[in-house]
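Labels below follow one simple rule: chain letters A, B, ... track the order of the sequence lines, proteins then strands, and each chain is numbered from 1.
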2 protein chains.
Amino acid sequence: MQQSEASNIQGENTLSRIIKEAIRLFSAKGYHGTSIDDITQAAGITKGAFYWHFKSKEVLLRKFLEEWETRFLDGLIRATEGVKGGFLVKLQKVNRYTAAFGFYNRELCVSFTTLSAELIGGGHAIEKYFRSVYGKYQNFLIKIINEGKRENVFKKELDSIHASLIFMAFHDGLLLQWSMNRDNIDGEAFLSTYRAILTDGILVRDR
Amino acid sequence: MQQSEASNIQGENTLSRIIKEAIRLFSAKGYHGTSIDDITQAAGITKGAFYWHFKSKEVLLRKFLEEWETRFLDGLIRATEGVKGGFLVKLQKVNRYTAAFGFYNRELCVSFTTLSAELIGGGHAIEKYFRSVYGKYQNFLIKIINEGKRENVFKKELDSIHASLIFMAFHDGLLLQWSMNRDNIDGEAFLSTYRAILTDGILVRDR
DNA sequence: TCCTCTAGACCGACCGGTTAGTATAGTGCC
DNA sequence: GGCACTATACTAACCGGTCGGTCTAGAGGA
């Protein structure tokens with residue numbers, strides 16, 4: 001029973017459609033605001049089909065988190081690990097990758113932030129997984145920040161742990177605000193304003 | 001069953017307890033993740049009492065938004081409107097007020113961000129109200145930013161609309177990250193790192 | 001070639017529990 | 001007497017999840 005060729009298209013198709021529609025609905029209505037019926041209706045399937053692919057709604061949630069981790073986070077780590085040229089080049093790479101990924105996978109990224117706000121701190125079983133993924137993200141950022149300090153490019157007086165948290169906070173907040181106002185914003189210009197603030201701040205130098 | 005020492009009226013007490021517990025639960029589990037039964041149980045009242053004070057769950061949600069608008073936003077506007085000393089002093093005031101308010105009213109602020117992520121973009125009836133409040137916040141920030149530009153303190157090359165959105169994004173994101181990690185973070189130090197980045201950026205000057 | 005069997009993918013009625021919300025009768029307090 | 005509830009009992013819709021059954025493609029044998 002080979003799956004790779006034309007034979008097993010149906011199942012793969014349905015599975016990816018479930019995930020795609022779930023992500024879209026999660027980003028619009030949150031986890032508890034999205035019902036299985038919403039998802040199956042959007043994917044054009046029935047409840048039976050959904051539960052053939054997923055044991056429970058929580059397994060779908062886990063799959064979604066996996067998706068974010070492998071596609072965004074691992075992708076980001078892979079995109080920067082071989083980069084030569086020091087901190088500045090790496091920072092540029094991180095910003096570019098994050099912006100491009102967020103732009104082309106808005107619903108996945110918005111869902112991640114929305115669901116983390118919704119599910120962390122409420123005693124939900126998924127909380128541990130959320131935190132481990134955030135931790136992985138943070139460790140990645142801390143390593144880069146410390147490289148920047150060693151090169152004397154990143155200000156040494158800024159605490160690395162705080163700075164990594166601030167980076168993640170910026171990305172989360174920016175994504176949410178951009179997503180809410182994306183009809184009235186030029187994303188490219190918005191990002192370059194952000195980059196300017198991040199590197200050199202909002203205040204004029206000789207004041 | 002006595003509720004308090006003689007003086008206070010029963011109704012006031014119950015009403016404020018409903019709101020307080022609702023905010024706490026919203027911040028932990030989101031809007032759809034919090035049931036009326038959760039709220040009444042936490043407040044130690046019955047369903048009848050809840051529906052005596054609120055016509056529906058959505059009216060409670062409106063009341064919550066009003067709470068955020070009058071207590072945080074109007075408070076912020078009031079705290080800065082009479083301030084003399086120009087942009088720098090005003091910015092300090094805004095940052096201090098926001099930080100202090102967020103610290104002492106964490107659940108109210110976290111709920112606002114969480115619920116906006118959960119409810120904006122999903123076609124919910126409350127969306128308009130959310131957007132009007134965000135719009136009011138943004139207009140306030142734009143005015144201050146433009147003052148800073150006029151004084152030649154805020155960099156003129158940064159777009160005011162983008163910058164205001166970025167400010168709100170920073171506040172939202174920072175609040176969420178701090179809330180998630182508040183057990184392992186020194187809030188004061190975290191904030192001073194943020195302020196340093198905001199004003200002068202992350203990169204060393206002479207590079 | 002025809003027949004049987006198997007497995008994967010899916011359908012949709014149905015289940016028990018939960019949800020927001022309603023109804024109603026009664027109670028203590030100002 | 002009316003305000004601010006309590007206690008209990010409900011309803012109808014909706015929730016996540018189950019289950020028996022169906023359809024199809026392919027394999028194996030005669």
Side-chain angles (χ1 to χ4, degrees), chain A residues 1-23 25-26 28-64 115 118-119 122-126, chain B residues 1-23 25-26 28-64 115 118-119 122-126:
Chain A
M1 25 179 173
Q2 79 288 9
Q3 323 217 29
S4 49
E5 290 299 292
S7 72
N8 199 12
I9 279 177
Q10 237 181 341
E12 292 290 312
N13 212 330
T14 301
L15 180 65
S16 65
R17 228 160 58 231
I18 291 172
I19 295 168
K20 191 185 138 201
E21 294 300 327
I23 290 172
L25 287 160
F26 285 165
K29 312 205 285 177
Y31 180 71
H32 292 298
T34 301
S35 70
I36 306 292
D37 283 335
D38 287 341
I39 296 167
T40 56
Q41 204 179 341
I45 55 161
T46 59
K47 230 164 188 183
F50 177 89
Y51 279 97
W52 194 90
H53 287 283
F54 293 97
K55 192 178 137 280
S56 67
K57 195 185 181 186
E58 203 187 304
V59 170
L60 169 65
L61 176 57
R62 282 210 135 68
K63 176 75 190 165
F64 154 78
L115 298 203
E118 199 182 344
L119 300 170
H124 199 285
I126 205 77
Chain B
M1 283 168 193
Q2 76 290 357
Q3 324 244 7
S4 72
E5 309 311 309
S7 66
N8 202 3
I9 306 165
Q10 237 177 337
E12 292 290 311
N13 212 326
T14 301
L15 180 64
S16 66
R17 228 161 57 232
I18 291 172
I19 295 168
K20 190 185 140 201
E21 293 302 325
I23 289 171
L25 287 161
F26 284 165
K29 312 203 289 178
Y31 180 70
H32 292 298
T34 302
S35 70
I36 306 293
D37 282 337
D38 288 341
I39 296 168
T40 56
Q41 203 179 344
I45 54 160
T46 59
K47 231 167 182 181
F50 177 89
Y51 280 98
W52 195 90
H53 286 284
F54 294 97
K55 192 179 137 281
S56 68
K57 195 185 181 185
E58 204 189 303
V59 170
L60 169 66
L61 176 57
R62 281 208 137 68
K63 176 74 189 167
F64 155 78
L115 298 204
E118 199 182 344
L119 300 169
H124 199 283
I126 205 78

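Taking the side chain of A:Trp52 as heavy atoms from C-beta on, and the options C:dA20, C:dG8, D:dG16, the nearest nucleotide is C:dG8. Of the candidates D:dG16, C:dC10, D:dC5, C:dC10 carries the atom nearest the A:His53 side chain, counting heavy atoms from C-beta on.
For B:Glu58, the CD atom counts as densely surrounded, since its 6.0 Å shell holds more than 12 non-hydrogen atoms of other residues, nucleotides or ligands. Around NZ of A:Lys57, the count of heavy atoms belonging to other residues, nucleotides or ligands within 6.0 Å exceeds 12.
One interatomic measurement links the two molecules: CZ of A:Phe50 to P of D:dG16, which rounds to 9 Å at whole-angstrom precision. What separates NZ of B:Lys57 from P of C:dA20 is a distance of 5 Å, to the nearest Å. At whole-Å resolution of the value, CD in A:Glu58 and P in D:dG16 are 13 Å apart. In this structure, B:Gln41 places its CD atom 16 Å from C1' of D:dT6, rounding to the nearest Å. Straight-line distance from the CG atom of A:Asp37 to the P atom of D:dC14: 10 Å, rounded to whole Å. If you take CG of A:Leu61 and C1' of D:dG16, they are 14 Å apart, rounded to a whole angstrom. When rounded to the nearest whole Å, the span between CG of B:Leu60 and C1' of C:dA20 equals 13 Å. Note: CZ (B:Phe54) to P (D:dA4) measures 14 Å, nearest angstrom.
Between B:Ile45 and B:Ile39 the shortest side-chain heavy-atom distance does not fall below 4.5 Å. Side-chain atoms of A:Glu118 and B:Lys29, non-hydrogen and from C-beta on, never get closer than 4.5 Å to each other. At least one side-chain heavy atom of A:Leu119 sits less than 4.5 Å from a side-chain heavy atom of A:Leu61.
A sub-4.0 Å separation between OP1 or OP2 of C:dG21 and a side-chain N or O of B:Tyr51 is present. A sub-4.0 Å separation between OP1 or OP2 of C:dT19 and a side-chain N or O of A:His32 is absent.
With rounding to the nearest 0.5 angstrom, the CD1 atom of B:Ile126 is 9.5 Å from the CG atom of B:Leu115.
The aromatic rings of B:Phe26 and B:Tyr31 are tilted relative to each other, their planes meeting at an angle between 30° and 60°.
Counting non-hydrogen atoms under 4.0 angstrom, B:Thr34 reaches the backbone sugars and phosphates but no base.
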Checklist outcome for this item: Protein heavy-atom contacts under 4.0 Å, written 5' to 3' over nucleotides 11-18 of chain C as B (base), S (sugar-phosphate only) or - (none), form the string BB------

